[in-house]
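Reviewing the structure listed below.
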Amino acid sequence: MAELLLILVSAIFVNNFVLARFLGICPFLGVSKKVETALGMGMAVTFVMTVATVVTWFIQYFVLIPFGIEYLQTIAFILVIASLVQLVEMVIQKTSPVLYQSLGIFLPLITTNCAVLGLAVLNIQKEYSFLEGVIFALGAAIGFTLAMILFAGLRERVDLCPVPKSFRGTAIALVTAGLLSLAFMGFAGLVKG
Amino acid sequence: MAMTKLKTFPGGLHPADNKQWTASRSIEFVPLPDELIIPLSQHIGAPAEVCVEVGALVKKGEIIGKAKGFVSVPVHASTSGEVVAVEPRLHPSGRPLLSVVIKPDGEDDWIDPLPQGDPDKLSADELKDRLRDAGIVGMGGATFPAHVKLSPPEEKPIDTLIINGVECEPYLTADHRLMLEEPERILQGVAILRKILTVDNIYIGIEVNKPDAIALMTEKCAGTDVKVVPLEVKYPQGAEKQLILAITGREVPSGGLPMEVGVVVQNVGTTAAVADAVINGYPLIERVCTVTGSGISEQKNLRIRVGTPLQHLVDFCGGLNGDPAKLIMGGPMMGMTQLSLDVPATRGTSGLLIFGEDDIPLVEQGPCIRCARCVKTCPAHLLPTTIAAYARLEMIDEAEEYCAMDCIECGCCSYSCPSFIPLVQSLRHAKAAILEKRRKI
Amino acid sequence: MSGIYLSSSPHVHSGETTDKVMRAVIYSLLPACAVAIYFFGLPALLILILCTGGCVATEAVCNRLFKSKLSIADGSAALTGILLALNMPPNSPWWLSVLGAVIAIVIGKQVYGGLGYNPFNPALVARVVLLVSFPVHMTSWTTPAPLGSGIDAVTTATPLGEWKTAVMLTGKLPENISAGMGDYFIGNMAGSLGEVSALALLLGAAYLFWKKIISWHVPMTFVLTVVVFGGIFWLVDSSRYPNPLFHLLTGGLVLGAFYMATDMVTSPVTTRGMIIFGFGCGVVTVLIRLFGGYPEGVSFAILLMNAATPLIDRYTRPRVFGTAVEGKS
Amino acid sequence: MIASILSLGAIGFLAALTLGFAARKFAVEVDPRELAILELLPGANCGACGYPGCSGYAKMVVNGDKIAATCPPGGSAVMDKIANIMGLAPITAEPKVAVVMCQGDNLKAKDKYKYLGLTDCRAAQKVADGPKQCPGGCLGLGTCERVCPFGAIEMTPDNLAVISRKKCTGCGKCVASCPRAVIRMAPLDATTHVLCNSHDKGALVRKYCEVGCIACQICKKQVPGAYEIENLLATVVYENHQDAPAAVEKCPTRCIRDFMVSYPDGSSFAEATVPLKKEDRAA
């Protein structure tokens, strides 16, 4: 049990997918203008990550390895993730058009989101068991959402500030993201994950 | 009086009360000026409709402007004399508004007959009509017509009457002197209000920085069920919602009126005016007003006639003392700055404050350093700094979501802001924008 | 009457200005600076001058570059300079202080638009940037050599550093752990300029409380959480984890809790928010100290909670007068 | 080899099945033309078209099947493109530009009192009708400058709002924001204006402003067709604005100004000297 907890904590804080591994930066910067949108994106990514991990784990150990076609790993994983994202897109468009409107292009972009594919591949590399894989996925997703929400809160506040002209918009967002990942660096070495 | 924990409300602040200038000065009569300017809008609600022509001779107390609609009261001539003009004149609000200008004839004789009456014989409705005809309005500064406040709908029963003798605004001592010099008039008013509202628990709230008033009122109320409640000296203790919470522990719901928690609050001055209106038949043409501040030669409490130009009051108090920087009608926390001394005093004028250059903080506004002093002191528990930021950036929906409409504009946030940000003005700006947005939908 | 002023109400003011607030905090830091100079001699004085001067100069340059009003008179740049100096190791090279000052003011504050708009505490931003970029310089400590005692500086490790290496190697506390408590209190131990004497810092903090510049909510919750949380681990395994008093007097806790975490600009505005802020700082500090890679966790903890402050402010709005549910009218 | 084709094929087929089912269950229909129009619009959400933001306008055009309003910032270029998307006749709006009808900055117009408080014209207007003696003059506290989404308004060092004819797209947000209605819309190619907004008598205007219109009728006598005096204030008749410049020199208080020659004093806009025709503006 302690082992799982360590994986979870390390995925959320120590090797946070966005702030430590620097994966999934484009939605991190693109969708963090408002906390609600960031939360929506976080939920969408959590769903895709968790289900993708489950499906890719099965494909890896019951399809790719038995048939000895591990080299197809990336394509198969992307195929799964893409269809999952398409599913999420339809659900969100139906259930909350406002969120769909505010997420905009970044919703289909989850397919190419390196955090999602990265997670699936990392899962295999670390030879995690099925349960460890799911916990790792959950940790990664929560870490991603946590980083998104923190960053969205900061950006909402920075939008109210008289930032000098040359730093307005993405520039100040990048500076803030840098400082945020600096703060997360404190967790380095917290867990030997 | 055992130092029990005094009743009060959370939030608020302790400004220097500066009442020592006039606290011990008794009320003095001011002779009539040579011209009285009586504005037709001196109360919340529709302005009165003028019903006298230029050249007409009027008696003291004669109605010169009829009430328009239920939430409105008539306006009376403050003395006998000739109507010399009916034209827009500079008004305390800063804009020229229609006013009746009367040249006193020096007789100062009342209309005949005066609508005197015996409160015991008159019914509640008759009493309320008398109050409306006498033009009785809240004299704490809000000038809300008293007869409207005293007729709540049936489904909102009233079980408590609070007489507001707090006078938490610094510098002002009008109510204090009124309580010291005319307690009987106040208690007669209380009896009338009791009859109108048919309530039995009645409180008189007075801050403990007026111990003599507390002692006198307690002594006068001995034997009756009127309870004098000493309150902690804190601004804005006298604000309606804060006073109700301090005395009864009930919280007026946001956007609601005191009647929703079964309470009616009346200022001490209004209560005395109620007695005059019913017993002697006097309309509200006279009130007590404190003229104070470092910019005036002698600080005094005056009994002034409604419509007296401020210049006349200043001359009576020995003229200005140096170049005035601000002429404030009301107290320093919620009063309005005036353009000039030609402005007339009205029914809501509880004070005239003259500040010199060194009394007003001329410091440039700095950025908000989020020191949270405004959050800590706000009696409505809002986030003034956040709402002001939203107002500045035209984000009106967010300002509404942060409950800008609950701001009572007491001035505590601007008072305590180390960066001198005009928070009250920003919140007022946000409230106006929200009301405008609501009107548009 | 042309000289008349008109304005919206109110027309009186408490008299407290931002300059006075900043100056009060600077005065409260002077005892700590004096102790630092007493224990670490001239290098400490040099660092203090370099940092403060560097910050003020950088701010002036930024004001010109960004065409904003000259704001060095409000004392906030000088304050950031002093706080940064107190975070620097006594024998760090001169250019490190200057670089720290530039980072603190440019990235920490001016890029966001100046005083009041920076989400992160500028001095801590600089300290963490330097710590991560120049780990060697930022973690080489010397034993304090009181002025006139003639002992030249000997490099050694901070108490926290000693503890961490000992635990890593032997899994046990280092032997002379409790001997130094008295020294820690008055400052006779290795550490950065400001981390040393808890007494001088507490003296300054008392002055700030008395002048009502800072409220107790953040520092007290922060320190209490560290003591309680650290205490739990100490009770669980006292041979491995240090006692709470050790936590209190070593490292940057006192400096961090009373001066860094209470930086008004980067901490929450609501009282409940401040308590959550202090609690968060405390938990993260202990986590990093006991399990993290860096011996000192206070800086990272405060930066993290600075990042969370906008969210804390958003979700701890006070209950508005006359409303049943939180913040909704 | 076969295994790889079969396995991938199977995964693809399974995915297709779930998506086909989901597509029917969560079907939502969106008109592609709406997105195309949204791309064309400037995106300033200024509301000049009378609809809530650009998305509101795009929805209206697609649903209403006729172009009920023009998009001033977009100008004729955008309107033509929208028209051919919708296959409808383009309606062209005569391009308009906002003009601040006042030159009374702090040096020229006298103060009524010293104002302390928010640097915002609407807030200052609430304090005894604004700190200027002139009831209609520009208060110069920068509300319009902050409201303008296109950065077309600047405040001169002596607090007077000036609008650049080159940058202004005619969206009208500044007109709505000014509490004293000093800013009015004028045709793009009309460059001469009577820069005054006070209807007071000449003698009174002279007392509080050096460049106010005292309704002396000289401009009307000089060029009868181009000027009109209405309620003691001269205004340019924009139908025949070509011959309005002739009266500029004649105005005793220099209240009339031709923006082709120069902008009000202290303004940094210098493009007045460049003769602006409609085509250059569209580029």
Side-chain angles (χ1 to χ4, degrees), chain B residues 13 15 94 170 241 245 251-256 323-328 330 332-341 353 355 359-361 363 366-373 375-376 379-383 385-386 401-403 405-406 409 411 414-420 422 424-425 428, chain C residues 1-22 68-69 71 73-74 76 113-119 212-215 217-218 262-271 273-274 309 313-314 316-329:
Chain B
L13 43 80
K241 292 185 179 181
L245 177 69
E251 225 175 68
V252 175
S254 146
D323 225 359
K326 273 190 177 174
L327 311 166
I328 300 163
M333 291 302 283
M334 289 182 84
M336 277 184 74
T337 43
Q338 298 305 322
L339 261 175
S340 78
L341 288 171
L353 199 50
F355 272 173
D359 289 325
I360 52 170
V363 180
C368 163
I369 59 169
R370 292 170 50 81
C371 63
R373 278 154 177 62
V375 175
K376 197 149 59 72
H381 312 320
L382 305 176
L383 296 177
T385 173
T386 317
E401 208 218 312
Y402 272 68
C403 309
M405 291 312 289
D406 289 282
E409 296 174 22
S414 300
Y415 175 90
S416 45
C417 174
S419 288
F420 289 86
V424 176
Q425 197 175 11
R428 214 176 262 140
Chain C
M1 283 296 180
S2 77
I4 212 77
Y5 287 89
L6 261 76
S7 78
S8 129
S9 67
H11 311 290
V12 278
H13 189 266
S14 64
E16 188 185 31
T17 68
T18 311
D19 307 359
K20 283 185 190 153
V21 168
M22 296 293 168
S68 53
K69 193 169 61 57
S71 61
D74 64 19
S76 64
L115 176 64
Y117 299 112
N118 48 317
K212 289 200 172 57
I213 301 287
I214 53 173
S215 75
H217 300 93
V218 170
T262 54
D263 167 15
M264 307 169 189
V265 174
T266 54
S267 56
V269 282
T270 58
T271 37
M274 289 179 192
T309 297
D313 267 351
R314 190 187 172 93
T316 59
R317 278 167 33 199
R319 184 186 70 77
V320 172
F321 188 98
T323 56
V325 88
E326 196 152 66
K328 296 283 172 299
S329 68

Answer key: most heavy-atom pairs under 4.5 Å with chain B among C:E16, C:H13, C:K212, C:K20 is C:H13

[X] portion near chain C, given a 4.5 angstrom heavy-atom threshold:
| X | answer |
| --- | --- |
| B:V375 | side chain |
| B:P253 | both |
| B:K376 | neither |
| B:P379 | backbone |
| B:L245 | side chain |
| B:P332 | both |

At a 4.5 Å cut-off on heavy atoms, which part of [X] comes close to chain B: side chain, backbone, both, or neither?
| X | value |
| --- | --- |
| C:T262 | neither |
| C:T17 | both |
| C:S215 | neither |
| C:K69 | side chain |

Got a second to check how far [X]'s [atom1] is from [Y]'s [atom2], nearest 0.5 Å?
| X | Y | atom1 | atom2 | answer |
| --- | --- | --- | --- | --- |
| C:Y5 | B:T337 | OH | OG1 | 13.0 Å |
| B:I328 | C:L6 | CD1 | CG | 10.0 Å |
| B:L383 | C:R314 | CG | CZ | 12.5 Å |
| C:D263 | B:C371 | CG | SG | 11.5 Å |
| C:R319 | B:C403 | CZ | SG | 11.0 Å |
| C:S14 | B:F420 | OG | CZ | 6.5 Å |

Restricting to salt bridge (Lys or Arg N to Asp or Glu O under 4.0 Å), what partner residues turn up for C:D313, sequence neighbours left out?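 Applying salt bridge (Lys or Arg N to Asp or Glu O under 4.0 Å) to C:D313 gives B:R370.
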
Across all chains, not counting sequence neighbours, the salt bridge (Lys or Arg N to Asp or Glu O under 4.0 Å) partners of B:E409 are B:R428, B:K431

Given B:M334, B:M405, B:M336, the one with more heavy-atom pairs under 4.5 angstrom with chain C than any other is B:M334

Between B:G94, B:C417, B:G330, B:P422, which shows the greatest number of heavy-atom pairs under 4.5 Å with chain C?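 Result: the option with the highest number of such pairs is B:C417.
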
Note to self: How close do B:G335 and C:S9 get, counting heavy atoms only, and between which atoms?
What the structure shows: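 Answer, listing the atom of B:G335 first, then C:S9: O-CB, 3.6 Å.
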
Worksheet entry | Atom of C:M274, atom of B:A372 and distance for their closest heavy-atom approach |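 Looking at all heavy atoms of both residues, the shortest contact is CE-CB, 4.0 Å.
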
Note to self: Go through it in stages, so that I can follow the logic: the residues are B:S340 and C:I4, the test is side-chain contact (heavy atoms from CB on, under 4.5 Å), and I'd like the CA-CA distance, side-chain angles, deciding distance and then a yes or no.
What the structure shows: CA-CA 8 Å; B:S340 78; C:I4 212 77; over 6 Å; no

After noting the C-alpha distance and the side-chain angles of C:S7 and B:K326, does the key distance pass the side-chain contact (heavy atoms from CB on, under 4.5 Å) rule?
CA-CA 9 Å; C:S7 78; B:K326 273 190 177 174; 2.9 Å; yes

query = Can you list the steps and then say if B:R373 with C:M264 is a side-chain contact (heavy atoms from CB on, under 4.5 Å)?
reply = CA-CA 10 Å; B:R373 278 154 177 62; C:M264 307 169 189; 4.1 Å; yes

